[in-house]
A.B. asks: 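What follows is a single structure, and I will ask about it in a moment.
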2 protein chains.
Amino acid sequence: MNAKTSYFSGSAQLPKNCLSHVSVDCIILGYHDKQMKILCTEIKGMPRPKLPGGFVEKKENVDDAAYRVLEERTGLKGVFLKQFKTYGNANRTAEQTANMKHLLKKQNVNAAAMNWILDRFISVAYYALTEFSKVTLKDNFIDGESRWYDIHNMPPLIIDHEDMVRDALKILRLQIHNEPIGYNLLPSKFTLPELQALYEAILDKKLDQRNFTKKLMSLNIIKKLNEKKHIGGHRSPTLYKFNKRNYDKALKDGVALAL
Amino acid sequence: MNAKTSYFSGSAQLPKNCLSHVSVDCIILGYHDKQMKILCTEIKGMPRPKLPGGFVEKKENVDDAAYRVLEERTGLKGVFLKQFKTYGNANRTAEQTANMKHLLKKQNVNAAAMNWILDRFISVAYYALTEFSKVTLKDNFIDGESRWYDIHNMPPLIIDHEDMVRDALKILRLQIHNEPIGYNLLPSKFTLPELQALYEAILDKKLDQRNFTKKLMSLNIIKKLNEKKHIGGHRSPTLYKFNKRNYDKALKDGVALAL
DNA sequence: TCAAAAGTGTTCAATGTACACCCATGC
DNA sequence: GCATGGGTGTACATTGAACACTTTTGA
């Protein structure tokens with residue numbers, strides 16, 4: 001690892017383009033085949049993985065910065081992304097700063113020029129829902145190597161990133177009762193058991209099949225098609241698709257969905 | 001107005017003690033006698049009132065900064081205060097910055113030394129619930145003169161502060177179904193009609209008296225006393241008090257209260 | 001014919017909602 | 001005695017939760 005490709009150089013996000021003291025972090029939840037995963041990144045020389053994050057360019061909306069981080073990591077556009085909390089404790093980045101000083105020294109980076117990154121940061125946190133099989137993981141200079149971790153088997157993360165994950169999951173699990181999900185997480189044609197498995201993965205609990213069907217159908221956001229999916233070995237489940245108009249209306253106005 | 005007592009001097013919050021680019025704003029909701037009010041401040045020379053806000057000291061938690069703003073304005077401690085959203089659009093402070101430049105010029109303040117305040121800010125927003133009859137309004141140098149506005153009769157506010165108010169009220173009205181309220185808003189002994197009036201003021205709608213009583217009693221957070229309140233001219237209502245232990249438990253664990 | 005998953009309704013319990021009359025008090 | 005607000009219970013509708021058998025498919 002040399003200075004050219006280190007944490008502190010080569011990135012599009014040069015200090016002079018970014019706001020000091022402000023960062024964004026993303027809890028990127030990936031779903032596929034009944035599994036929920038979280039995207040983390042590992043920087044050589046740092047003790048523990050972290051959430052993908054970044055800085056806010058001087059003329060960039062904070063929401064757009066989060067969206068940019070998401071897109072840089074996953075290559076995906078149009079993904080559901082939601083700000084959920086801002087982390088602003090004074091000492092939250094102290095440990096990270098100490099580690100970075102150490103790294104800078106080892107890499108012979110001029111610490112004075114890097115003062116901006118050694119200062120305190122507050123972080124605006126977002127969560128996103130993605131389909132991880134659609135994602136081609138991209139590493140980047142600023143934030144190291146990306147990797148999916150199973151939600152039940154997370155490593156310890158730096159600073160308050162474990163709190164962020166816990167908070168994001170808690171809020172997502174509450175929000176799911178008021179917002180439709182699934183549009184970017186399932187193929188355009190999907191079966192009810194697939195949709196149910198998605199809800200079960202997010203809520204991390206089993207749901208009653210008949211009650212689930214009944215409730216989802218009553219929301220009027222999915223439409224039964226005259227097609228079956230061939231799954232082999234078993235009865236062929238009916239395919240459904242989202243009614244995008246009603247789905248978007250439900251996103252905007254909220255739904256009532258007790259699960 | 002001279003430089004000594006102007007917007008830009010005399011405050012405990014000197015630029016060198018504060019983080020750049022980060023501010024906090026508080027939606028301080030005041031309740032008394034069935035009325036909901038919002039605390040705003042008016043700075044001479046600025047076109048419209050604003051929400052009370054402030055900056056974050058370099059070694060201060062962001063939550064504590066919001067709490068400090070609240071306390072500086074109202075003199076109240078121990079008030080319910082909750083972070084609800086962070087506003088980070090790139091151009092959100094553009095208008096304010098333009099106005100400030102104008103003000104600085106008029107006041108012959110050295111603009112170079114004030115560059116920190118003319119830059120872009122992102123704002124972490126909080127809402128608080130207070131009893132406005134307990135508040136002695138305090139002006140301050142940084143933020144002008146304080147005043148309560150009726151929630152139904154708000155003036156236009158600067159930048160995105162009207163969005164903040166709208167968002168805060170929306171979130172509060174949702175949260176009220178999961179959190180107990182009232183502890184700092186009512187006398188230690190209160191009547192059920194008083195409590196109901198508080199809920200009605202926050203939700204801005206009438207509630208059914210019998211159903212309200214039934215639901216509140218079922219939460220086990222209030223306790224009937226063997227005392228009545230003398231209100232004159234009418235039947236004397238029974239006094240209640242909060243069961244602080246259960247109230248705090250409900251704050252922490254949440255409640256289910258459909259209204 | 002067997003294994004595995006899909007599909008389909010009913011019953012019961014809990015909760016929410018609507019609603020009206022008598023009571024206490026001070027003038 | 002009258003005006004005003006306090007206090008109380010029931011009936012009905014809606015919603016949530018539990019639950020089992022038949023169908024389809026391919027091996």
Side-chain angles (χ1 to χ4, degrees), chain A residues 33-35 173-174 176-178 182 186-187 189-201 203-241 250 254-259, chain B residues 33-35 173-174 176-178 180 182 186-187 189-201 203 205-241 250 254-259:
Chain A
D33 193 22
K34 307 189 181 181
Q35 291 174 82
R173 284 168 183 158
L174 286 174
I176 209 175
H177 299 285
N178 297 303
L186 295 173
K189 297 176 182 180
F190 54 89
T191 68
L192 279 183
E194 284 169 351
L195 184 58
Q196 182 174 338
L198 168 62
Y199 273 85
E200 288 177 345
L203 293 169
D204 200 24
K205 68 175 183 189
K206 286 274 162 209
L207 299 173
D208 182 281
Q209 188 193 25
R210 282 175 284 192
N211 293 336
F212 181 82
T213 306
K214 215 186 307 172
K215 281 168 188 164
L216 258 290
M217 293 310 290
S218 76
L219 294 183
N220 277 323
I221 58 172
I222 57 175
K223 194 184 164 188
K224 194 171 187 168
L225 301 175
N226 273 330
E227 291 178 68
K228 307 245 170 205
K229 181 171 185 177
H230 193 82
I231 54 172
H234 313 289
R235 178 170 177 173
S236 305
T238 307
L239 285 164
Y240 291 75
K241 67 171 184 182
V255 297
L257 179 60
L259 296 168
Chain B
D33 193 21
K34 307 189 181 181
Q35 292 174 82
R173 284 167 183 159
L174 286 174
I176 209 175
H177 299 286
N178 297 303
L186 295 174
K189 297 176 183 180
F190 54 88
T191 69
L192 280 182
E194 285 168 349
L195 185 59
Q196 183 174 338
L198 168 61
Y199 273 86
E200 288 177 344
L203 293 169
K205 68 174 182 188
K206 285 275 164 210
L207 300 173
D208 182 282
Q209 189 192 25
R210 283 176 284 192
N211 293 337
F212 180 82
T213 306
K214 214 187 306 173
K215 281 167 187 165
L216 259 290
M217 294 308 292
S218 76
L219 295 183
N220 277 322
I221 57 172
I222 57 175
K223 195 184 164 189
K224 194 171 188 168
L225 300 176
N226 272 330
E227 292 177 67
K228 307 245 169 204
K229 182 173 184 176
H230 193 82
I231 54 171
H234 312 290
R235 178 170 178 172
S236 305
T238 307
L239 284 165
Y240 291 76
K241 67 173 183 181
V255 297
L257 179 60
L259 296 168

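Residue numbers begin at 1 in each chain, while the letters A, B, ... track the order of the sequences. Please read all numbers here as calculations on a predicted model, not as lab measurements.
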A.B. asks: I'd like to know whether B/Leu195 forms a side-chain contact (heavy atoms from CB on, under 4.5 Å) with B/Tyr240, so could you lay out the CA-CA distance, the side-chain angles of the two residues, the decisive distance to 0.1 Å, and finally the verdict.
C.D. replies: CA-CA 10 Å; B/Leu195 185 59; B/Tyr240 291 76; over 6 Å; no
A.B. asks: Applying side-chain contact (heavy atoms from CB on, under 4.5 Å), run through A/Leu216 and A/Leu257 and close with a yes or a no.
C.D. replies: CA-CA 8 Å; A/Leu216 258 290; A/Leu257 179 60; 4.2 Å; yes
A.B. asks: Starting at atom CG of A/Leu239, determine the distance to atom C1' of C/dA6, rounded to an integer number of angstrom.
C.D. replies: 13 Å
A.B. asks: Provide, to the nearest angstrom, the distance between the CZ atom belonging to A/Phe190 and the C1' atom belonging to C/dA6.
C.D. replies: 16 Å
A.B. asks: Any side-chain N or O of A/Lys224 below 4.0 angstrom from OP1/OP2 of C/dT8?
C.D. replies: yes
A.B. asks: Test B/Arg210 against B/Thr213 for side-chain contact (heavy atoms from CB on, under 4.5 Å), laying out the working first.
C.D. replies: CA-CA 5 Å; B/Arg210 283 176 284 192; B/Thr213 306; 5.7 Å; no
A.B. asks: Roughly, in whole Å, what's the span from NZ in B/Lys229 to P in D/dT4?
C.D. replies: 20 Å
A.B. asks: Rounded to whole Å, please give me the gap between CG in B/Leu195 and C1' in D/dG7.
C.D. replies: 15 Å
A.B. asks: Specify the separation, in whole Å, of atom CG of B/Leu216 and atom C1' of C/dG16.
C.D. replies: 15 Å
A.B. asks: To the nearest angstrom, how far is B/Phe212 atom CZ from D/dT8 atom C1'?
C.D. replies: 16 Å
A.B. asks: Can you see which heavy atom on A/Ile222 is nearest to which on A/Leu192, and at what distance?
C.D. replies: CD1-CD2, 3.6 Å
A.B. asks: Do the side-chain N or O atoms of A/Thr238 get closer than 4.0 angstrom to the phosphate oxygens (OP1, OP2) of C/dG7?
C.D. replies: yes
A.B. asks: Pair B/Thr238, B/Thr191 - check side-chain contact (heavy atoms from CB on, under 4.5 Å), show working.
C.D. replies: CA-CA 6 Å; B/Thr238 307; B/Thr191 69; over 6 Å; no
A.B. asks: With rounding to the nearest 0.5 Å, note down the distance linking NZ in B/Lys241 to NZ in B/Lys189.
C.D. replies: 8.0 Å
A.B. asks: Without decimals, in angstroms, what is the distance between B/Leu219 CG and C/dG16 P?
C.D. replies: 10 Å
A.B. asks: Encode nucleotides 17-27 of chain C as B, S and - characters from 5' to 3', where the letter depends on protein heavy atoms closer than 4.0 Å: B to the base, S only to sugar-phosphate, - to neither.
C.D. replies: BBBB--BBBS-
